[in-house]
Visitor: 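Can you read through this structure? Questions will come right after.
Fair warning: this is a prediction, and the values are worked out from it, not measured in the lab.
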Number of protein chains: 2
Amino acid sequence: MDAKRNGSAKRHPIQVVARRTGLTADVLRAWEKRYGVVEPSRSDGGRRLYSDEDVERLRLLHRASEAGRRIGRIAGLSTEALRDLVREDERQEARAPGPGGPAPGAGPHLAAAWRAMDAFDARTLESVLLRATLSLGAPAFVEEVAAPLLRRVGDGWARGEVHPGNEHLASAVLRQVLASLVTSCAPAGGAPTLVVATPSGQGHEFGALFAAAVGAADGWRVVYLGADLPGDEIARTADRTGAAAVVLSLVHPEADPATAAALAELGETLDEDTALLAGGAAAPSYGPALGAAGAELVDDLQALRVRLDRVAAARPA
Amino acid sequence: MDAKRNGSAKRHPIQVVARRTGLTADVLRAWEKRYGVVEPSRSDGGRRLYSDEDVERLRLLHRASEAGRRIGRIAGLSTEALRDLVREDERQEARAPGPGGPAPGAGPHLAAAWRAMDAFDARTLESVLLRATLSLGAPAFVEEVAAPLLRRVGDGWARGEVHPGNEHLASAVLRQVLASLVTSCAPAGGAPTLVVATPSGQGHEFGALFAAAVGAADGWRVVYLGADLPGDEIARTADRTGAAAVVLSLVHPEADPATAAALAELGETLDEDTALLAGGAAAPSYGPALGAAGAELVDDLQALRVRLDRVAAARPA
DNA sequence: CCCTTGTTGTCCACCGTTTGTCCATGTATG
DNA sequence: CATACATGGACAAACGGTGGACAACAAGGG
């Protein structure tokens, strides 16, 4: 255990620290000046540079302050003591009745869906999923209900706990709900177009459906092509629809030659103005092919939304 | 626009790189000159030709810079280090606003709705609102879009900035969207029933609609009665539907005798097992009448949800 | 209970540095 | 010739640092 790290100790500018801690840059400076809460080093032009430890400490201070502690009283505490304090405070708060209750709560929806699936009750499952979309919104539904449900189905199936029948039922209903999400979203006039597909060799469709649902909720006109499409077909569709972006989902076969070929083809035929984004568990295994095609890797749906937002903002009208 | 991606010759002109990275050609040159961020090879005539690796590196630099890093400080990092840095920044940042919360952002929806209202475009307004519900979920939609929209309409109308026609348009469309939210929520079997209404003398309907939408999204079977109902009528409906809770919205006339009478009547005729909740701007002015009727005051929709949740949890099945 | 006092988040003005953008000019490309 | 690009320089906007003011609020004293 070394108290100090070598030159690789990360030093963050104030803006990054502000975003990571949720504090304002103003507050960061005020706390430092008034209570000496941290002592960031300075660089060249006298700008603050915070270490990871500083960020951790500031985060704790923020949480403690939000729990009602006065910053002047806790500023002198050691980081260890702070950690204990925050833990204690949050335990108390969880126990309290909590008028400021959080309560977004995807848990009940997931549990209900799970029960309906076990009971082989397609109608109830569909109604549960529909209510979940209404309650949480499409993006949260996808991330907090659809994806976990699918994962649990997969795990259960691998372990023999879920019968193929149940698995098919859940898949079919989920697919239908996601598709209805995509189509029921009336596209606003002048909305940019997004083409979603899975290239040849990639049979798993759900990643693409997730992306399509999220894109539709964020205001895109979504053209959903489904799974296992040759590259030039995707490119042609993008061309004809004037798509601003193409999203590919790569999940199951890693480093598959057919998929790589489709990617190459897509890269050659796709218009250069069209942004090309790729995600999914298998996406990293196609790194070089994606790079050559001019595609950008997105780690998860959240990152996809950010990227799409930027693409939409970049186009004039 | 006919230019296609050239996968075989791996060198891209500056304009293509600009599009793919989201950076300006000017910025590309500036970064190269000032910080030596990449070293593209040159064509015979001296034009820059970037490789795929250059594009990748520039993308990472762009993302890091958008995360709050100063370009001058990260320009010297290796591409590997950059990748780590970007990944960490984006992960940490997503955590900042809330525990797992992806920072939805109702602003754009509100702005779009405002524009559609100004333009007198009912169709667009409806589509905007529907997309907002899909994107945010019903509860967040009500609190972050519907309520602010209504408030701004009211303010603008009072100040003469909004014409009565626009105001009516917005009200009608919003009412319709909220009503469709309530009805389109398929009630699960065994879901508890919630009766929502406005007692006699209370003409403002939107508070009740908000409550109905939120209740429906949270899994209640909602019976929406609308505005201006005598107390015994509300009680009778609750009785016949076996309602577990009744929600009243009191907004406009404060301390109105007719309303007070309706509340007294309701208190006398309503089953004791049925929870009675009341909210709205005018609710405090009916404090004594509500107390006598056995009603509980809820300050806002969030409090209403918490309270309803408790009622639902209290009943066996 | 009210009133005074200390605390704390926010905002402002002023200044130097960093950084994005723009312009003028010249040159290659088609 | 029109377009796209390179180069160098200029410039403005954004950002960060400092010091200080201010309003909202909580705490403590009478």
Visitor: In terms of side-chain heavy atoms of D44(B), which of dT29(C), dA6(D), dT17(C) is nearest?
Guide: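 Among dT29(C), dA6(D), dT17(C), the one nearest the side chain of D44(B) is dT29(C).
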Visitor: Roughly, in whole Å, what's the span from CD1 in I14(B) to C1' in dA28(C)?
Guide: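 After rounding, the reported distance stands at 15 Å.
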Visitor: With distance as the sole criterion, is a donor-acceptor pair present between the side chains of S41(B) and R11(B) under 3.5 Å?
Guide: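 Per modelled atom types, S41(B) and R11(B) side chains form a pair under 3.5 Å.
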Visitor: Is the shortest distance from a Lys or Arg side-chain nitrogen in R57(A) or D54(A) to a carboxylate oxygen in the other one below 4.0 Å?
Guide: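 A salt bridge is absent here (no side-chain N lies under 4.0 Å from a carboxylate O).
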Visitor: Can you tell whether the side chains of D89(B) and R20(A) come within less than 4.0 Å, N to carboxylate O?
Guide: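 Yes, D89(B) and R20(A) are salt-bridged.
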Visitor: I'd like to know if E80(A) and R83(A) make a salt bridge, using a cut-off of under 4.0 Å between side-chain N and carboxylate O.
Guide: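 So E80(A) pairs with R83(A) through a salt bridge.
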Visitor: The side chain of R70(B) lies closest to which of these nucleotides: dT21(C), dA6(D), dG16(D)?
Guide: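 For R70(B), the side-chain atoms sit closest to dG16(D).
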Visitor: Can you tell me if the side-chain N/O atoms of R47(B) get under 4.0 Å from OP1 or OP2 in dA4(D)?
Guide: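 Answer no for this pair, as no side-chain N or O of R47(B) is under 4.0 Å from OP1 or OP2.
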Visitor: Looking only at atom types and distance, does a side-chain atom of R29(B) sit under 3.5 Å from a main-chain N or O of T24(B), one as donor and one as acceptor?
Guide: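 Not a single qualifying donor-acceptor pair exists.
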Visitor: Enter the inter-axis angle for the ends of the helix from dC1(C)-dG30(D) to dG30(C)-dC1(D) (five pairs per end, rounded to 10°).
Guide: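 Comparing the first five pairs with the last five, the axes sit 40° apart.
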Visitor: Base, sugar-phosphate or nothing for G72(A)? Non-hydrogen atoms, less than 4.0 Å.
Guide: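 Sugar-phosphate contact only - G72(A) comes under 4.0 Å of backbone atoms but never of a base.
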Visitor: Counting only N and O atoms by type, is there a donor-acceptor contact under 3.5 Å from the side chain of H12(A) to the main-chain atoms of V17(A)?
Guide: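 Judged by distance alone, no pair lies under 3.5 Å.
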Visitor: Any side-chain N or O of R69(B) under 4.0 Å from OP1/OP2 of dT19(C)?
Guide: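 Checking R69(B) against dT19(C): no side-chain N or O falls below 4.0 Å of OP1 or OP2.
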Visitor: Can you identify which nucleotide, out of dT7(D), dT8(C), dT21(C), has its nearest atom closest to the I71(A) side chain?
Guide: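 Nucleotide nearest to I71(A)'s side chain: dT8(C).
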Visitor: Classify the nucleic acid contact of S43(B) as base, sugar-phosphate or nothing, counting any heavy atom under 4.0 Å across all strands shown.
Guide: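 No contact.
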Visitor: To the nearest Å, how far apart are R42(A) CZ and dT17(C) P?
Guide: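 Checked: the CZ to P distance equals 15 Å.
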Visitor: Is any side-chain N of the basic residue among R305(A) and D309(A) closer than 4.0 Å to the acidic one's carboxylate O?
Guide: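 Salt bridge flag = no for D309(A) with R305(A).
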Visitor: Any Lys/Arg nitrogen of R42(B) or E32(B) sitting under 4.0 Å from an Asp/Glu carboxylate oxygen of the other?
Guide: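 Salt bridge flag = yes for E32(B) with R42(B).
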Visitor: Taking 4.0 angstrom as the limit, do R87(B) and D84(B) come out as a salt bridge?
Guide: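 Yes, charged N to carboxylate O under 4.0 Å.
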Visitor: Just N and O in the side chain of Q15(A): are any of them under 4.0 Å from OP1 or OP2 of dC15(D)?
Guide: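 The answer is no; no side-chain N or O of Q15(A) sits under 4.0 Å from OP1 or OP2.
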Visitor: Assign each of V16(B) and D26(B) to its nearest nucleotide of DNA chain D by heavy atoms, then name whichever residue's nucleotide is nearer the 5' end.
Guide: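 Between the two, 5'-proximity favours V16(B).
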Visitor: Using a 4.0 Å heavy-atom cut-off across all strands, classify R73(B) as base, sugar-phosphate, or nothing.
Guide: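 The residue R73(B) makes no contact with any strand.
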Visitor: Please list, in numerical order, the residues of residues 28-39 of chain B that have a heavy atom closer than 4.0 Å to any atom of DNA chain D.
Guide: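 DNA chain D contact set from residues 28-39 of chain B: R29(B), K33(B), R34(B).
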